[in-house]
Amino acid sequence: QVQLVESGGGLVQAGGSLRLSCAASGRTFSSYTMGWFRQAPGKERDIVAGINWSDVCTYYAGSVKGRFTISRDNAKRVAYLQMNSLKPEDTAVYFCAANRYSGPGFSSRQADYWGQGTQVTVSS
């Protein structure tokens, strides 16, 4: 069992930065692929970035590549999403997710555990 709690969302102007954190409970955190998803009103929940258990493989959606960076600290059981050069279209609720067996580009249907989400709003 893994419980995930996101933090770090908020309101930021276009061009600004935010760092999201996902704190996990459970000693098996290091065994899980971690992902960040986002969902805007009326849209599906899509993966933004993912990272495998060993921090060797990462995945980024095309819309965020070069602006967002995913990382993890297995000793602290935390996953991060550094978001730079934010755009109004990045506005969404951001969710942290864990998957036991898939690669870093896993889909929302493949997630085993979810956090409650954190709102990110980028003003123009």
Side-chain angles (χ1 to χ4, degrees):
Q1 187 79 8
V2 176
Q3 292 184 325
L4 305 173
V5 179
E6 302 97 333
S7 62
L11 173 64
V12 64
Q13 287 188 331
S17 298
L18 282 174
R19 188 196 198 199
L20 305 183
S21 298
C22 173
S25 66
R27 286 178 281 183
T28 58
F29 171 77
S30 61
S31 301
Y32 284 81
T33 295
M34 300 300 297
W36 285 96
F37 291 72
R38 68 186 180 187
Q39 187 169 22
K43 295 190 176 182
E44 294 186 351
R45 188 176 298 186
D46 293 323
I47 189 165
V48 173
I51 186 167
N52 78 325
W53 68 274
S54 64
D55 202 3
V56 171
C57 296
T58 57
Y59 168 86
Y60 294 96
S63 58
V64 306
K65 198 171 293 184
R67 300 189 296 123
F68 291 11
T69 303
I70 189 170
S71 61
R72 65 189 296 163
D73 185 331
N74 286 339
K76 295 181 179 179
R77 296 198 292 271
V78 181
Y80 303 99
L81 185 67
Q82 177 67 43
M83 305 186 295
N84 299 328
S85 302
L86 281 161
K87 304 175 181 180
E89 51 264 43
D90 294 319
T91 295
V93 178
Y94 283 71
F95 297 89
C96 175
N99 176 281
R100 182 65 178 86
Y101 298 109
S102 296
F106 65 97
S107 70
S108 59
R109 291 188 302 272
Q110 294 174 304
D112 295 316
Y113 301 102
W114 289 100
Q116 82 289 352
T118 185
Q119 177 70 46
V120 171
T121 302
V122 184
S123 63
S124 57

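Nothing fancy with the numbering, it's 1 onward along the sequence.
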Atom pair [atom1] ([X]) and [atom2] ([Y]), whose distance is rounded to the nearest 0.5 Å:
| X | Y | atom1 | atom2 | result |
| --- | --- | --- | --- | --- |
| Ser21 | Gln82 | OG | CD | 9.5 Å |
| Ser71 | Arg19 | OG | CZ | 6.0 Å |
| Asp46 | Ser108 | CG | OG | 7.0 Å |
| Thr58 | Arg72 | OG1 | CZ | 12.0 Å |
| Ser124 | Lys87 | OG | NZ | 14.0 Å |
| Asp55 | Ser30 | CG | OG | 12.0 Å |

Student check: side-chain heavy atoms of Gln119 and Thr91 closer than 4.5 Å | yes
If you take all heavy atoms of Ser17 and Asn84, which pair is closest and at what distance?
-> OG-OD1, 2.9 Å
Do the side chain of [X] and the main chain of [Y] share a donor and acceptor less than 3.5 angstrom apart?
| X | Y | value |
| --- | --- | --- |
| Asn74 | Trp53 | yes |
| Glu6 | Gly117 | yes |
| Gln116 | Val5 | no |

Any disulfide (SG to SG under 2.5 Å) pairs touching residues 82-112, not counting sequence neighbours?
-> Cys22-Cys96
Other ILVMFWY residues reachable from Tyr80 by side-chain steps of under 4.5 Å | Val78
Students should find that the hydrophobic cluster of Met34, defined by side-chain heavy atoms under 4.5 Å apart, otherwise consists of Val2, Leu4, Val12, Leu18, Leu20, Phe29, Tyr32, Trp36, Val48, Ile51, Tyr60, Val64, Phe68, Ile70, Leu81, Met83, Leu86, Tyr94, Tyr113, Val120, Val122
For [X], give me all partners under side-chain hydrogen bond (donor to acceptor under 3.5 Å, both in side chains), at least two apart in sequence or on another chain.
| X | result |
| --- | --- |
| Ser63 | Arg38 |
| Glu89 | none |
| Gln39 | Arg45 |

